[in-house]
2 protein chains.
Amino acid sequence: MQRMDNINTPAIADLSPERLLCLDIQMCFALYSASLSMSKIYKPLLAELGLTYPQYLVMLALWAQNEQTVGELGERLFLDSGTLTPLLKRLEKLDYIQRVRSKQDERRVIVTLTERGDALRQQAVQVPVQIAAKTGCTLQELQSLNEQLTRLRSRLIANL
Amino acid sequence: MQRMDNINTPAIADLSPERLLCLDIQMCFALYSASLSMSKIYKPLLAELGLTYPQYLVMLALWAQNEQTVGELGERLFLDSGTLTPLLKRLEKLDYIQRVRSKQDERRVIVTLTERGDALRQQAVQVPVQIAAKTGCTLQELQSLNEQLTRLRSRLIANL
DNA sequence: CAAAATAAGATTGTGTACAATAATAAATTG
DNA sequence: CAATTTATTATTGTACACAATCTTATTTTG
């Protein structure tokens, strides 16, 4: 059943500017502050692995699929080379990854896990277990939030 | 009715590490990337006001209540002086705020809107209207996300 | 094939975030 | 009341984010 002319869901446009302003700001701020709080929760756990939160995301992407170009990593993580290049250089200095220019296309830089970077995966498995306890989320909440935020992100990116 | 022994909501602890890892990571990444996408949506609109997104949040806090100390702003926005001090200096250079040491307690710095900063409010009212269109959220989504994210943030901060 | 256009990363500059530390002021306490 | 402790903000250093620009390599096109 498609949505009918809906009495229970007033359109955004029908709200008073004040109410709209209030809700919109609240949601955006909730998003912003929840995201910062989340990275603070991760910080001490990731510090044991020598990683920051964005570095952890890159490692997750590489553990899921090794050998990706900078561009591919950027597409998956929604980050550009200005963010990734220095971050990847730090991961390289830690000997978690290797950066090698492609022979087929000298413009591309291929990022590969080192042995040490691959081994780190075993240690990293415990991270989300400890995080889950700290977030105090039910499975429903995790799933629901994940879906809503992913949908939101899609719409935002489509309108950039 | 309090939650009973619930067949429909398996506990986090009952999940396999793989599934937990997957969900947890997805949610955290969704949060992180949605937050970054949101600030990208705001950026061009706020640029017209000469503001960054965190600066906009500070202005919103001051429009809601003028004359706040650095500490009070930090408590509302979940930011510390290391972030706020340079940000406030930039807002001061823009002549949107004033920073004055309290006479009663020389440790405190009181932040006040300038005439220009107060006037900016009129221009800023249109921002959330334009944002709402771009987010493509229903009222339900805004409310639901706001509540969920605020609850999440509370739990995260309680566990820092 | 040479010139122009496009693509992929790197670099530069600005502005957060935040831990750690410092500097100063106020409050507490022996 | 002097010494210690605590509170408030500022400073320093590291690491993102990202716009704008640059460099180099590939692709397209006349």
Side-chain angles (χ1 to χ4, degrees), chain A residues 29 32-44 46-47 50-59 68-75 77-94 97 99-111 156-157 160, chain B residues 29 32-44 46-47 49-59 68-75 77-94 96-97 99-111 156-157 160:
Chain A
F29 175 59
Y32 169 81
S33 53
S35 178
L36 291 182
S37 299
M38 185 62 85
S39 91
K40 279 187 213 171
I41 286 280
Y42 269 90
K43 187 164 288 194
L46 295 180
L51 296 175
T52 64
Y53 185 61
Q55 288 169 7
Y56 177 61
L57 294 178
V58 169
M59 294 302 286
Q68 295 191 58
T69 65
V70 174
E72 287 167 342
L73 285 171
E75 229 174 299
L77 302 176
F78 305 101
L79 296 173
D80 68 4
S81 73
T83 302
L84 282 175
T85 296
L87 188 156
L88 292 171
K89 285 181 177 175
R90 284 178 209 112
L91 286 179
E92 192 174 38
K93 197 169 286 180
L94 287 169
I97 66 162
R99 293 159 63 247
V100 187
R101 283 222 171 252
S102 165
K103 281 276 155 55
Q104 287 78 38
D105 185 341
E106 293 267 353
R107 290 172 304 182
R108 297 171 188 270
V109 167
I110 298 170
V111 181
L156 292 175
I157 289 175
L160 279 184
Chain B
F29 175 60
Y32 169 82
S33 53
S35 178
L36 292 182
S37 299
M38 186 62 85
S39 91
K40 279 185 213 171
I41 286 280
Y42 270 90
K43 187 165 287 193
L46 295 180
L49 311 182
L51 296 175
T52 64
Y53 185 61
Q55 288 169 6
Y56 176 60
L57 293 178
V58 169
M59 293 303 286
Q68 295 191 57
T69 65
V70 173
E72 286 167 341
L73 285 171
E75 227 175 301
L77 303 175
F78 305 101
L79 297 172
D80 68 4
S81 73
T83 300
L84 283 175
T85 296
L87 188 157
L88 292 171
K89 285 182 177 175
R90 285 179 206 112
L91 287 179
E92 192 174 38
K93 196 169 288 179
L94 288 169
Y96 287 152
I97 65 162
R99 293 158 64 247
V100 187
R101 282 220 173 255
S102 166
K103 281 276 154 56
Q104 287 79 38
D105 185 342
E106 293 268 352
R107 290 172 303 182
R108 296 171 189 269
V109 168
I110 298 171
V111 180
L156 292 175
I157 288 174
L160 279 182

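To find a chain, count down the sequence lines: A is the first, B the second, and so on, and within it residues start at 1.
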N/O (side chain, A:Arg90) to phosphate O (OP1/OP2, D:dC16) under 4.0 Å:
yes
Could you check whether A:Gly82 gets within reach of a base, just the sugar-phosphate, or nothing at all, counting any heavy atom under 4.0 Å?
base
Considering only side-chain heavy atoms of A:Arg107, which listed nucleotide, C:dA17, C:dT16, D:dT26, is closest?
D:dT26
How close do B:Ile157 and A:Ser37 get, heavy atom to heavy atom, and via which atoms?
CG1-OG, 3.7 Å
Side chain of A:Ser81, base of C:dA10: donor and acceptor closer than 3.5 Å?
yes
Return the CG to OH distance between A:Leu57 and A:Tyr53, rounded to the nearest 0.5 Å.
4.5 Å
Does atom CD (B:Glu75) have a neighbourhood of more than 12 heavy atoms from anything else shown, all under 6.0 Å?
no
Could you tell me whether B:Arg99 and B:Glu92 make a salt bridge, using a distance below 4.0 angstrom between a side-chain N and a carboxylate O?
yes
Round to the nearest Å and state the distance from B:Leu73 atom CG to D:dT8 atom P.
14 Å
Under 4.0 Å from OP1 or OP2 of D:dA10: is there any side-chain N or O of B:Arg99 that close?
yes
Find the distance B:Leu156:CG to C:dC18:P and express it as a whole number of Å.
13 Å
Flag, side chain of A:Thr69 to backbone of A:Glu72, donor-acceptor distance under 3.5 Å:
yes
For A:Gln104 and for B:Leu88, locate the closest nucleotide of DNA chain D by heavy-atom distance; then report the residue assigned to the nucleotide nearer the 5' terminus.
B:Leu88
For the side chain of B:Leu79, counting heavy atoms from C-beta on, which of C:dA10, D:dC18, C:dC18 is nearest?
C:dC18
Could you state the CG-P distance from B:Leu91 to C:dG15, rounded to the nearest angstrom?
11 Å
Is the distance from OP1 or OP2 of D:dA17 to the nearest side-chain N or O of A:Thr83 less than 4.0 Å?
no
Nearest-Å distance, CD (A:Gln55) to P (D:dT14)?
14 Å
Residue A:Lys89, side-chain heavy atoms: nucleotide from C:dC18, D:dC18, C:dT11 that is nearest:
C:dT11
How long is the line joining CD of B:Gln68 and P of D:dT9, in whole Å?
11 Å
Just to be sure I understand the rule, does A:Leu87 reach a base, reach only the sugar-phosphate, or reach nothing, if contact means heavy atoms closer than 4.0 Å?
sugar-phosphate
On DNA chain C, does the nearest nucleotide to A:Ile110 precede the nearest nucleotide to A:Leu36 from the 5' side, or the other way round? Give the residue.
A:Ile110
Students often get this wrong, so: under 4.0 angstrom with heavy atoms, is B:Glu72 touching a base, only sugar-phosphate, or nothing?
nothing
Is A:Thr69 near enough to C:dA8 that one of its side-chain N or O atoms lies under 4.0 angstrom from OP1 or OP2?
no
Quick check on DNA chain D: between A:Tyr53 and A:Ser102, whose nearest nucleotide comes earlier from the 5' end?
A:Tyr53
Is the distance from OP1 or OP2 of C:dC18 to the nearest side-chain N or O of A:Lys40 less than 4.0 Å?
yes
Select one nucleotide: of D:dA17, C:dA10, D:dT9, the one nearest the side-chain heavy atoms of B:Arg108.
D:dT9
Write down the distance between CG (A:Asp105) and C1' (D:dT24), rounded to a whole number of angstrom.
11 Å
Quick one: sort the B:Phe29 and A:Phe78 rings into parallel, tilted or perpendicular, breaks at 30° and 60°.
parallel
Establish, with yes or no, whether the OP1 or OP2 oxygen of C:dT16 is under 4.0 angstrom from a side-chain nitrogen or oxygen of B:Thr52.
yes
Euclidean distance, atom CG of residue A:Leu46 to atom P of C:dA19 [Å, nearest integer]:
13 Å
Closer than 4.0 Å, any side-chain N/O of B:Tyr32 to the OP1 or OP2 of D:dC16?
no
Nearest listed nucleotide, side chain of A:Pro54, among C:dG15, D:dC16, D:dT24
D:dC16
note: B:Lys43, atom NZ; D:dA17, atom P; distance rounded to Å ~ 12 Å
